[in-house]
Amino acid sequence: MTSGDDLSAERLRKRDLWVSRGHPAYPHHFPDRVPSAQIREDLKDTPPGGSREDLRRRVAGRLRAIRQHGKTAFIPLEDQSGEIQLFLRVDDLGEAEYARVLDVLDPGDIVGAEGVPTRTRRGEPSLRVLSLQLLAKAIRPPPEKWHGLKDPELRLRQRYVDLLSSPEVRRRFEARSAVIRELRTHLDGLGFLEVETPILNRTASGGLARPFRTHYNYLEEDFSLRIALELHLKRLLVGGFEKVYEIGKVFRNEDMDSLHSPEFTMLELYWAYSDYRDMMGLVEGLFPRLAGAAAPYLSPEKARELEEAFRPPWARLDFLEALEKESGTSGIMDRPREELVRWARDLGLAVREDSTVGTSLDKLFGHYVEPKLRRPTFVMDHPLETTPLAKRHREKPGRVERFELFYRGFELCNAYTELNDPDDQEARFRDQLRDRPKDALEGDEETYGYDADFVEALRFGMPPASGIGIGIDRLCMVLLGAESVKDVILFPPTRKPGSRGDVSAPP
RNA sequence: GGGCCUGUAGCUCAGUCGGUAGAGCAGGCGGCUCUUAACCGCAAGGUCCAGGGUUCGAAUCCCUGCAGGCCCGCCA
């Protein structure tokens, strides 16, 4: 009688009962409602046992429990603003109506109610209900009221159940939204223009990643989903826009773990007539604002910790100096490629025999330095080979003007003075192609794709500029204290369901 | 890709040495006019992830697979 199917059957029976009494099963609207928080506000100065007879309020939301006491009932109702208790009495509704209402209600149902704001004798802010209607019957029961939905698999596969049963989860995504809103407000205030550029591209470039492939029927060509926003935004600098940014999804056809999602949100920003030092100033101004936006959603201790951590100025480390110091080795730049590759491989780092100087140094840096960067730290002036889209350093030979921001051992953003010399850009693209491993498949390899049209754009003249990319998901992890990137993504990708929880099959 | 762990009622979880499957919540019936994880009584509810094997007998032991988690590796 109470297997899953039977629970649904019971709820359907109640819905039909409600309909058979002349009510619509799924009414079209519920006008003039106020947030439940308004009723709490109404009762701010009302003592226990008192009520606001001068008011009639309408609220709507999901029922979290039903506590029946014979001729009274207490029914906590939740909406986005919080919770308010519905207080039902035979004295208010009459025997018949009281029974009719309670006959059809279950936890999880969405109802609308009208009544008088009232504080119970115990002082709980409530709405003493004069009329109530079902707005949407929940055919499936909600998760256990005290523990909620714990199963990590179901929480991802059926995020809506996770959300409807856990205000804290909803709150985390409200916080994410608040952070992104603040990001926009801040950048708009600095005069940046938000733009949208194509997701489907002939060549996936501007980053180092394996792209998703798709077919564009109209153009009769295979396209890639973008792996970065960079090259289109720089085309806009050529076009005369001086401060632009985009917040959007990028797609990298790679593994997922607690720090990586194949589909993730990225901010990229380009700023004409500035260099990477100007950009550091922008970041130091931005992050404290974002920490401030996240603060109301955090414990006071966490909020203070963030505020202190991101108070500028932050530490600045020269890439090579840091690597030489932490590894206890000098003259790294003078060493031949083979020696660096051997060094990295001897440490057990995943570096191919035919790997480049840049990759080897990157891996060595990741091994020796990155884990130590707990407080916000700018790592600056990377070796040239690591970064084909950055401008050569004006003073340090063999290096580029670039910085990455590290915090708690992982990268939060990546910025550089942009390369705007078309000949240098063309040569650097070619170097990338040449260094590509011999067994790489065309279009399926992780390399900076050669974008000839981008080089052509540079030939029209791009102003000197700096640019930055910020991984929004990681940023939210840091600001909201999430352990996994899945915790800040509403609907992370999941594998085809196994034998449990298969909700993808049509009936 | 490697190692470890998990999968039992709609939900949260027990299940001993291999011997008929357990609780709480939710649901049903009854009681109760101020509860808030309401309470009290009664009855009901199972593809023990799937498939195979060992055994007189498997939720339990073995193998394979599926899904998930953690660590490592890979990957900006």
Side-chain angles (χ1 to χ4, degrees), chain A residues 1-11 13-14 48-49 63-77 83-93 95 98 103 105-108 118-126 128 138-158 161-162 165 206-210 227-228 250 252-262 264 266 348-352 359 362-363 366 370 386-387 404 410-414 446 448 469-471 474 483-484 486 492 494-502:
Chain A
M1 190 56 193
T2 52
S3 70
D5 284 349
D6 295 332
L7 288 173
S8 292
E10 183 62 22
R11 283 165 175 260
R13 185 187 66 76
K14 292 178 179 178
L63 306 185
R64 290 198 70 86
I66 297 174
R67 293 188 290 274
Q68 238 182 299
H69 285 251
K71 296 188 169 59
T72 62
F74 299 91
I75 304 178
L77 171 147
E83 211 175 282
I84 192 74
Q85 174 174 272
L86 303 181
F87 180 24
L88 275 63
R89 304 194 308 163
V90 166
D91 296 349
D92 294 319
L93 294 166
E95 293 271 1
Y98 180 82
D103 268 355
L105 295 183
D106 285 300
T118 300
R119 224 178 248 285
T120 60
R121 278 176 220 155
R122 293 288 182 87
E124 179 72 21
S126 309
R128 212 177 69 231
I139 303 308
R140 301 266 184 262
E144 212 259 0
K145 65 186 171 190
W146 188 241
H147 299 93
L149 190 63
K150 279 278 204 33
D151 185 324
E153 184 177 343
L154 283 180
R155 290 184 56 193
L156 299 180
R157 286 192 191 283
Q158 295 187 278
V161 181
D162 189 28
S165 63
L208 200 58
R210 175 174 306 179
I227 57 171
V250 299
R252 299 185 176 182
N253 210 342
E254 289 160 0
D255 288 352
M256 180 158 201
D257 60 32
S258 62
L259 282 179
H260 299 82
S261 175
F264 64 101
M266 182 99 142
L349 303 175
V351 174
R352 291 187 222 233
T359 306
D362 231 16
K363 295 291 178 192
E370 281 181 22
T386 59
T387 322
E404 293 176 289
F410 64 82
E411 179 197 335
L412 275 184
C413 53
N414 181 20
E446 296 156 16
Y448 283 77
I470 303 179
R474 281 193 191 179
E483 293 292 320
S484 165
K486 290 180 186 177
T494 53
R495 273 180 208 284
K496 231 182 325 192
S499 43
R500 351 164 32 199
D502 188 348

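Proteins get letters first, then strands, A, B, ... in listed order; numbering begins at 1 in each.
The C1' atoms of B:U60 and B:U55 are separated by 13 Å, rounded to the nearest whole Å.
Between the C1' atom of B:C11 and the NZ atom of A:K150 lies a distance of 10 Å, rounded to the nearest Å. Summarising the geometry, the separation between CD on A:E144 and P on B:A37 is reported as 13 Å, rounded to the nearest angstrom. Computed from coordinates, the A:R140 CZ to B:G27 P distance equals 16 Å when rounded to whole Å. Look at CZ on A:R155: it is 13 Å from C1' on B:U12, rounded to the nearest Å. Atom CG of A:L7 and atom P of B:G45 are 13 Å apart (whole Å).
Ring planes of A:F74 and A:H69: perpendicular class, angle over 60° (limits at 30 and 60°).
A:S8 and A:R140 share a donor-acceptor pair across their side chains, judged by distance under 3.5 Å alone. The closest side-chain donor-acceptor pair between A:R128 and A:Q85, if any, does not fall under 3.5 angstrom.
Residue A:P107 is classed as a sugar-phosphate contact, given heavy-atom separations below 4.0 Å to backbone atoms only. At a threshold of 4.0 angstrom between heavy atoms, the contacts of A:G49 with the nucleic acid are absent. Within the 4.0 angstrom heavy-atom criterion, no nucleotide atom of any strand lies near A:E483. Note on A:D362: nothing from the nucleic acid sits closer than 4.0 angstrom, heavy atoms only.
Where A:R119 and A:P143 each meet RNA chain B at their nearest nucleotide, the meeting point lying more 5' is that of A:P143.
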Show me the protein contacts with nucleotides 31-33 of chain B, counting only N or O atoms at under 3.5 Å.
residue: B:C32; atom: N3; partner: A:G70; partner atom: N; Å: 3.1
residue: B:C32; atom: N4; partner: A:G70; partner atom: N; Å: 3.3
residue: B:U33; atom: N3; partner: A:D91; partner atom: OD1; Å: 3.4
residue: B:U33; atom: N3; partner: A:D91; partner atom: OD2; Å: 3.3
residue: B:U33; atom: O4; partner: A:D91; partner atom: OD1; Å: 2.7

